[in-house]
Amino acid sequence: MQAHSPTTEPRADRASAKPRDFIREIIERDIAEGTYGGQVVTRFPPEPNGYLHIGHAKSICLNFGVAEEYNGRCHLRFDDTNPTTEDIEYVESIKEAIRWLGFDWGEHLYFASDYFEQLYQFAEQLIKDGKAYVDSLSEEEIRAYRGTVTEPGRESPYRNRSVEENLDLFRRMRAGEFPDGAHVLRAKIDMSSPNMLLRDPILYRIRHAHHYRTGDRWCIYPMYDFAHPLSDAIEHITHSLCTLEFENNRAIYDWLTENLIDPPRPRQYEFARLNLDYTVMSKRKLLRLVEEGHVSGWDDPRLPTLAGLRRRGVTPEAIRTFCDIIGVAKVNSRVEYELLEHTIRDDLNYRSPRVMCVLRPLKVIITNYPEDRVEWLDAPYWPRDIPKEGSRKVPFARELFIEQDDFMEDPPPGYHRLAPGREVRLRHSYVIRCDEVIKDEAGEVVALHCTYDPETLGARPRGRKVKGTIHWVSAAHALPAEVRLYERLFIKANPDEVEEGKTFLDYLNPDSLQILRDARVEPSVADDPPDTRYQFERQGYFIQDCVDSRPEALVFNRIVALRDSWSKQAAATEAGRGRPEPEPGSREGTASEARARARAASPELAAAYDRYLAMGLSELDADIISGDPERVAFFDEAVRDLEDSKLLANWLNNVLLGEIQDASLLSLPFSPSSFGRLVALVAGGTISSVSAKQVLAEMLQKGGDPEAIVEERGLRLIGDEEALATTIADVLARHPDKVAAYRAGKTGLIGFFVGQVMRATQGKADPRLVRTLLEKRLAS
RNA sequence: UGGGGGAUAGUUUAAUCGGCAGAACGGGUGACUCUGGAUCACUUAGUCGGGGUUCGAAUCCCUGUCCCCCAGCCA
């Protein structure tokens, strides 16, 4: 078979649509601002203590993908700081998996263990700066001293050792003078920090263990939180992308880089890890499945490991497409298995030649076909809709096998395969009719006697329609094969979510592997390369198992089944999803509580609240302003030369507070009275509220006087019909389709039109007037 | 009950710093078919709840609810 090659290019039509995400937004902003001189350097930092899975593929695609898109580079760095769990076996498998996925780190292969000396020097630097100390508390004591999430920790009695003593102790730790656990090096940050990770995090621990790369050179090893940011800095990483559970660690990351590294510093950003329905993704759980023998190994085709997916026959392209489609965001999510299946099918549909294989054979005897005759029929490898050439010969003879499922003695309505007295098309061959059903003593159907219509080879049967087409093989020529069908490994969409007294193992699917030992495949496959991916027509996509299949004993894995809209009837899936209904509860919000407390503690604020109510402000506005002395001061000064205090409160609370976020009202580049005068311009109808926001933006930037900015930029309100008429006519003329849609009933478009007019006038138009004019024009 | 994150169709994800809520997968219907596949067409369905600001809110303000992460000398 030369007509098709097993590695065909994937479909090209989706190469263009790259999903945007917040990571790429940040990177583009940094490029635009020149933060790193336009450089983009990312890294993929696995620990060599396990196999990579499809969740890692998401991270790999992100890190390598982003680097490629912005002409940067991506480093492969093994985060090997824990000698007790790591092994060279894992680094090889990880490298192979990344290469298989199609990514290349070039010369940028690094190991955190290569940085041990530099990291050690950083640690000494911290000690010399008085920012780290050797602690001699026991492990249990350290835990006890750390406090809890609600109670602050206590400082270790060793916290204030002198720099000299710390240095001496740390050097002797390195020299191997102390047993495991005798001392640790800790950062001196804050034992009462609300962020647990900042309560003097441990930087180094003593571990007299053999490291797979550094051997016995070291007996102290850096912790992740210390090694990771500094390794990033050493490699001049710009964007350090990791998963959401490291959000709290970013504080240490920043603390260390700010104390030890000159700018520009690497920055850490977090995205959501991938969760896939009906499988588990944690290293610990995968390890357990392997070690306890629930699966055959790390490359068991039911596992989400890249080794497993690869053995199953999934292509790297399908996985990359999948990673593209799922996107990158900050919400914890769980992707449906159907999406992965879709990308696999979509990829395989285009690249897999079609052949026939009968999984569960049922003997068919063509009674009107001569016993010694064999016809070698031409059968194209590709269906009509795939623009590829090539075919093979399939033998047709008196005795055939068809799929047991393709015959029913008493078929339900809508079934259009074989049944007593009915006809069916044999794929690439003749139409046959079932004349007789042969059964054994137990009443099981063991064979069918059929007759074929010699007129129907490559031709429509005359005078009747045959709806069904089924696959088949010649009994004498077909090759015996074992076929392994895989289903989801778990019966529960989220196996991590366990009921009382159960573990994730209680949700294993007992039918996740089904072995069919009596399958028959057409003889042509014997000539193909063993890594050929096929579509077994009407069944699914298959590949020979690279471990167990041999030419004389074929074993096929089902990569994925075809979509099956016939047997979808019983697709009532057990769910286990859904967002719980939010229930109204009764608890005091902390922010509003804080404001109430502030008033209770301050007669001035309490008085302000009453004063505002008397002024006519709503309770809400009065509450917000009077909860904070700065706001009161700001408001009181701004309101002095203004009649409309309610409008001022609106602008202060709903606009200004939103713009400045956490900044102080009193350190703004403009005075409260400037703000008051700005609001007065709105109140007096001198400018539109849209313009006012522009003015405010400028004032926030560089201060200034609102009236002057209005005059300078010519922002006076356009409030007469004449002046707006041409702009409106122009906008309507430019969007005839929208006008038609509006008139056809899509009135939501009014916002679009108002927006267009506002944009055309740079926000100067009176929006209310615009709206009424527009509505009048559009009505006619 | 501290701190840090998050909430848009069933699922995943968009929406040019307030201006048409859009896509993919899934579901449904139909067309086509020598694969009950593929393809095509149509369709279904959403801004966590409650207030407020605005001509206009997924986006801004207030408030409530729910989910995730952190008390390893793992990463």
Side-chain angles (χ1 to χ4, degrees), chain A residues 19-21 45 47 49 79 81-82 85 139 142-143 146-153 180-181 184 193-197 199 202 204-207 223-224 228 244-249 251 270 277 325-327 329-336 338-339 342 345 349 354 383-386 416-417 425-429 458 466 468-471 535 537-538 562-567 575 577-587 589 591-592 618 620-621 623-624 650-651 653-655 657-659 689 738 741 746 748-756 758-759 766-772:
Chain A
R20 275 245 85 56
D21 53 69
E47 184 190 11
N49 71 344
D79 227 332
T81 56
N82 183 358
T85 58
E139 195 168 340
I142 286 180
R143 205 191 335 276
R146 187 147 35 220
T148 69
V149 290
T150 51
E151 303 154 35
D180 286 6
V184 289
S193 170
N195 180 351
M196 297 293 294
L197 292 173
R199 323 251 255 231
I202 292 170
Y204 268 89
R205 75 282 212 193
I206 298 172
R207 188 121 318 162
M223 300 285 290
Y224 165 86
H228 198 87
L244 249 29
E245 65 268 28
F246 291 98
E247 274 173 329
N248 297 316
N249 302 60
E270 309 86 14
D277 274 358
I325 290 178
I326 57 176
K330 293 197 70 146
V331 264
N332 291 303
S333 57
R334 173 162 288 276
V335 176
E336 287 178 338
E338 285 83 348
L339 185 60
H342 170 259
R345 288 192 192 108
N349 175 40
R354 316 291 138 125
R384 246 177 0 282
D385 52 339
I386 291 181
H416 42 250
R417 283 113 91 171
R425 158 79 66 183
L426 295 180
R427 179 73 163 154
H428 304 304
S429 176
V466 175
T469 299
I470 64 174
H471 59 280
Q535 184 192 107
E537 293 215 39
R538 307 206 308 129
L562 251 29
R563 274 185 82 209
D564 183 0
S565 50
W566 166 248
S567 68
R577 305 179 148 275
R579 203 184 301 273
E581 285 294 315
E583 267 186 34
S586 56
R587 225 190 306 160
S592 72
S618 68
L620 180 61
D621 284 337
D623 174 23
I624 294 172
N650 279 346
W651 275 76
N653 288 343
N654 293 316
V655 182
L657 255 27
E659 291 298 324
S689 59
K738 302 275 204 259
K746 197 173 175 185
L749 249 19
I750 191 70
F752 168 78
F753 290 119
V754 175
Q756 289 298 310
M758 294 304 290
R759 185 155 309 173
D766 176 358
R768 217 174 312 221
L769 179 61
V770 170
R771 194 186 183 100
T772 40

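Letters go in sequence order (proteins before strands), and every chain restarts at 1. Just so it is clear, the structure is predicted and the values come from calculations on it, not from any experiment.
- Rounded to whole Å, atom P of B:U53 lies 7 Å from atom CG of A:Asn650.
- Rounded to an integer number of Å, the gap from A:Arg20 CZ to B:U12 C1' is 18 Å.
- Which of B:G37, B:G4, B:C25 sits closest to the side chain of A:Glu336 comes down to B:C25.
- Among the atoms of the strands shown, none is found under 4.0 Å from any heavy atom of A:Gly153.
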Close N or O pairs between protein and nucleotides 72-75 of chain B (under 3.5 Å):
| from | atom 1 | to | atom 2 | distance (Å) |
| --- | --- | --- | --- | --- |
| B:G72 | OP2 | A:Arg143 | NH1 | 3.2 |
| B:C73 | OP1 | A:Arg146 | NH2 | 3.2 |
| B:C73 | OP2 | A:Arg146 | NH1 | 3.2 |
| B:C73 | OP2 | A:Arg146 | NH2 | 3.2 |
| B:C73 | O2' | A:Arg207 | NH2 | 3.2 |
| B:C73 | N4 | A:Glu139 | N | 3.3 |
| B:C73 | N4 | A:Gly181 | O | 3.3 |
| B:C74 | OP1 | A:Arg207 | NH2 | 3.4 |
| B:C74 | OP2 | A:Arg205 | NE | 3.0 |
| B:C74 | OP2 | A:Arg205 | NH2 | 2.8 |
| B:C74 | OP2 | A:Arg207 | NH1 | 2.9 |
| B:C74 | O3' | A:Arg205 | NH2 | 3.3 |
| B:C74 | O2' | A:Asn82 | ND2 | 3.1 |
| B:A75 | OP1 | A:Thr81 | OG1 | 2.7 |
| B:A75 | OP1 | A:Arg205 | NH2 | 3.0 |
| B:A75 | OP2 | A:Tyr224 | N | 3.0 |

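- Looking at heavy atoms from C-beta onward, A:Ile624 lies in side-chain contact with A:Leu657 at the 4.5 angstrom threshold.
- For the pair A:Asn332 and A:Glu247, nearest-nucleotide mapping onto RNA chain B gives the more 5' position to A:Glu247.
- Put simply, NZ on A:Lys746 and CZ on A:Phe752 are 10.0 Å apart, with the number rounded to the nearest 0.5 Å.
- Distance from the side chain of A:Leu562 is smallest to B:U35 among B:A38, B:G22, B:U35.
- How far CD1 of A:Ile750 is from NZ of A:Lys738: 14.0 Å, rounded to the nearest 0.5 Å.
- Here A:Arg345 contributes atom CZ and A:Glu338 contributes atom CD; the two are 8.5 Å apart, rounded to the nearest 0.5 Å.
- Rounded to a whole angstrom, the distance from the P atom of B:A58 to that of B:C69 is 31 Å.
- Remark: the separation of the P atoms in B:A57 and B:A41 is 34 Å, to the nearest Å.
- Note: CD (A:Glu338) to P (B:U11) measures 13 Å, nearest angstrom.
- Relative to the side chain of A:Leu339, the nucleotides B:G56, B:G37, B:C25 differ in distance, and B:C25 lies closest.
- With hydrogens and angles ignored, the 3.5 Å screen pairs no side-chain donor or acceptor of A:Asn248 with any backbone N or O of A:Asn195.
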> What does nucleotides 57-62 of chain B look like as a protein-contact string, B for base, S for sugar-phosphate only, - for none, at under 4.0 angstrom between heavy atoms?
Replying inline: ---SBS
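- One interatomic measurement links the two molecules: CD1 of A:Ile470 to P of B:C34, which rounds to 16 Å at whole-angstrom precision.
- Using atom P as the reference point in both B:G19 and B:A24, the two lie 23 Å apart (nearest Å).
- Not a single donor-acceptor pair, N or O on each side, falls under 3.5 Å between the base of B:G36 and the side chain of A:Arg538.
- Residues A:Ile750 and A:Arg768 each lie close to RNA chain B; by heavy-atom proximity, the contact nearer the 5' end of the strand is made by A:Ile750.
- B:G51 and B:A14 have their C1' atoms separated by 28 Å, given to the nearest Å.
- B:A31: Watson-Crick or G-U partner is B:U39, with both key distances under 3.5 Å.
- Look at B:C66: its Watson-Crick or wobble partner, with both distances under 3.5 angstrom, is B:G6.
- Residue A:His228 is tested with A:Asp79, A:Thr81, A:Asn249 for a side-chain hydrogen bond (donor to acceptor under 3.5 Å, both in side chains); the sole match is A:Asp79.
- When heavy atoms are screened at a 4.0 angstrom cut-off, A:His471 is found touching no nucleic acid atom at all.
- Side-chain proximity of A:Ala329 to B:C25, B:A38, B:U13: nearest is B:U13.
- Residue A:Ser565 places at least one side-chain N or O under 4.0 Å from the OP1 or OP2 atom of B:G37.
- Put simply, the side chain of A:Met223 does not reach to within 4.5 Å of the side chain of A:Val184, judged on heavy atoms.
- Applying the 4.0 Å criterion to OP1 and OP2 of B:C25, one finds that A:His342 has a side-chain N or O inside that range.
- Base orientation for B:G72: syn, the chi torsion being within 90° of 0.
- To the nearest 0.5 Å, atoms CD1 (A:Ile202) and CD1 (A:Ile142) are separated by 4.5 Å.
- OP1 or OP2 of B:G27 sits under 4.0 Å from a side-chain N or O of A:Arg563.
- Ranking B:A14, B:C55, B:G36 by closeness to the A:Asp21 side chain, first place goes to B:A14.
- Distance A:Lys330 NZ to B:U12 P: 17 Å, rounded to the nearest Å.
- Listed nucleotides B:U16, B:G36, B:C25 differ in distance to A:Trp566; the shortest reach to its side chain belongs to B:G36.
- At a cut-off of 3.5 angstrom, the base of B:U35 holds at least one donor-acceptor pair with the side chain of A:Gln535.
- The interatomic distance linking A:Glu270 (CD) with B:C68 (C1') rounds to 13 Å, in whole Å.
- Remark: the backbone N or O of A:Arg146 is paired with a side-chain donor or acceptor of A:Arg199 at under 3.5 angstrom.
- Rounded to a whole angstrom, the distance from the P atom of B:G50 to that of B:A9 is 15 Å.
- To the nearest 0.5 Å, the span separating CD1 on A:Ile326 from CD on A:Glu336 amounts to 13.0 Å.
- In this structure, A:Arg354 places its CZ atom 14 Å from C1' of B:U33, rounding to the nearest Å.
- To the nearest 0.5 Å, atoms CZ (A:Arg538) and NE2 (A:His471) are separated by 5.5 Å.
- Here the P atom of nucleotide B:C69 and the CG atom of A:Leu244 are 10 Å apart, to the nearest Å.
- Among the heavy atoms of the strands lying under 4.0 Å from A:Ser333 are primed sugar atoms or P, OP1, OP2 only; no base atom is included.
- No hydrogens or angles were tested; on distance alone, a donor-acceptor pair under 3.5 Å links the side chain of A:Asn248 to the base of B:C69.
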